[in-house]
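This report concerns only the one structure given below.
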Amino acid sequence: MGAAVTWAGALGWATRGHAREHGETAFLRRLVRVEQASAVAYETIAEADFADARIERMATLFAEQEREHVQALNAALRDLGGRPPRPPDPGEIAGLDELGSQDDALELMIGLEEDLVTLYNRAAARFAGDALLRLGMQIACNDAQHLTVLRQQLGRRPVPDALVPEPLDG
Amino acid sequence: MATLPAIAGLYGCGTDAETSVEDEVAILNDALTLELSLVAAYEIGTELLSDTAAEAADLFADQEREHADALRDAIEEAGGIPVEPRSRRGYERMLRLDELDEADDFLRLAVDLEQTAIGGYNVAVPRLASPPLRRIVYSIASAEAAHVTVLLGELGEVQAPDAFVAGARA
């Protein structure tokens with residue numbers, strides 16, 4: 001098996017550097033960072049030698065959708081006076097350059113997508129504007145769809161929970 | 001498109017005025033009406049299905065019940081009275097379930113119903129004042145989107161076709 005891949009490591013890149021930011025803008029930047037990390041990760045996986053045709057198609061589509069999420073969230077961020085973060089290089093996403101198989105890749109992406117779904121659930125309590133609340137829900141729903149497909153690819157229960165589990169730190 | 005009755009509270013609540021507690025209860029009861037319809041649809045429709053599709057329908061019926069329970073709790077907490085479910089015959093007529101002959105017919109109806117629910121939540125979420133309530137509807141909508149993904153897979157279609165999942169209007 002390839003190196004143990006942890007989504008927490010991948011998220012670490014996304015949260016680094018936002019300590020001094022506050023409120024909705026800061027949270028939005030955090031979301032953008034994780035969406036950016038997901039987009040870069042899917043692009044990398046789509047081009048990997050271990051990716052078969054089905055995984056390549058899936059990763060290519062999901063990369064495009066994550067890029068659309070980034071674009072929309074960045075526009076919302078600018079509207080709030082915030083500055084969009086720069087996208088990560090593949091080497092900055094923990095675990096990405098250690099993937100040895102399709103299963104490793106699917107596990108990494110499940111971790112990132114689970115984190116996104118949890119973050120959007122928190123966003124529901126933080127976002128103030130109507131448009132941003134609706135945008136957040138629409139993106140959360142798409143990320144939940146990604147998660148479902150990824151779980152199916154690994155032969156797991158595709159929708160294990162009726163409701164997004166509450167994050168431990170609220 | 002699914003023949004759900006016009007859910008005026010969910011789809012007609014896109015105003016800028018602040019939502020009163022009574023309005024919020026009405027919105028939640030409209031959402032509960034949708035969830036109860038989904039429960040009935042899966043309970044009845046599973047009779048047309050087999051194998052993985054039947055397993056999915058049974059799971060989704062359970063999950064829609066959990067959604068309904070969460071909404072009932074929220075309604076009662078707000079001091080409201082949750083709507084009661086219709087009879088089985090009532091749902092068969094309302095959703096025209098007795099006109100379905102084949103598995104694919106039901107799967108397409110289920111997709112329509114789930115998309116209708118997502119559309120309703122997308123419209124309603126900014127009208128819900130309480131952050132915990134917004135998190136509940138984000139969570140429910142994400143689960144409905146995941147259901148759509150599984151159903152589209154059973155139909156042999158692209159499982160996550162859109163980057164922004166806004167659902168459908170009734």
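Protein chains get the first letters and strands the later ones, always in sequence-line order, with residue 1 at the start of each.
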To check you understand the geometry: which heavy-atom pair defines the closest contact between [X] and [Y], and what is its length?
{"X": "B:T149", "Y": "A:V149", "value": "CG2-CG2, 3.6 Å"}
{"X": "B:Q63", "Y": "A:V159", "value": "NE2-O, 2.8 Å"}
{"X": "A:Q65", "Y": "B:A160", "value": "NE2-O, 2.7 Å"}
{"X": "B:I118", "Y": "A:C141", "value": "CG2-SG, 4.4 Å"}
{"X": "B:P131", "Y": "A:A125", "value": "CB-CB, 3.6 Å"}
{"X": "A:L163", "Y": "B:A70", "value": "CD1-CB, 4.4 Å"}

Examine whether an atom of [X] lies under 4.5 Å from a heavy atom of chain A, and if so say whether it belongs to the side chain, the backbone or both; otherwise answer neither.
{"X": "B:V158", "result": "side chain"}
{"X": "B:D62", "result": "neither"}
{"X": "B:L59", "result": "side chain"}

Are the side chains of [Y] and [X] in contact, using a 4.5 Å heavy-atom criterion?
{"X": "B:Q159", "Y": "A:T148", "result": "no"}
{"X": "A:Q138", "Y": "B:D162", "result": "no"}
{"X": "A:M137", "Y": "B:V137", "result": "yes"}

Counting only non-hydrogen atoms closer than 4.5 Å, does [X] touch chain B with its backbone (N, CA, C, O), its side chain (CB onward), both, or neither?
{"X": "A:R67", "result": "neither"}
{"X": "A:L132", "result": "backbone"}
{"X": "A:F127", "result": "both"}
{"X": "A:E66", "result": "neither"}
{"X": "A:A131", "result": "neither"}
{"X": "A:D143", "result": "neither"}

[atom1]/[X]: more than 12 non-hydrogen atoms of other groups inside 6.0 Å:
{"X": "B:E76", "atom1": "CD", "value": "yes"}
{"X": "B:R89", "atom1": "CZ", "value": "yes"}
{"X": "B:E47", "atom1": "CD", "value": "yes"}

Value rounded to 0.5 Å, distance of OH in B:Y121 from CZ in A:R134: 15.0 Å

When rounded to the nearest 0.5 angstrom, what distance separates OG in B:S142 from CG in A:N121? 7.0 Å

Hphob cluster co-occupancy, B:V83 + B:V39, side-chain heavy atoms under 4.5 angstrom: no

Measure from the side-chain N and O atoms of B:Y138 to the backbone N and O of A:R122, and report whether any donor-acceptor pair falls under 3.5 Å. no

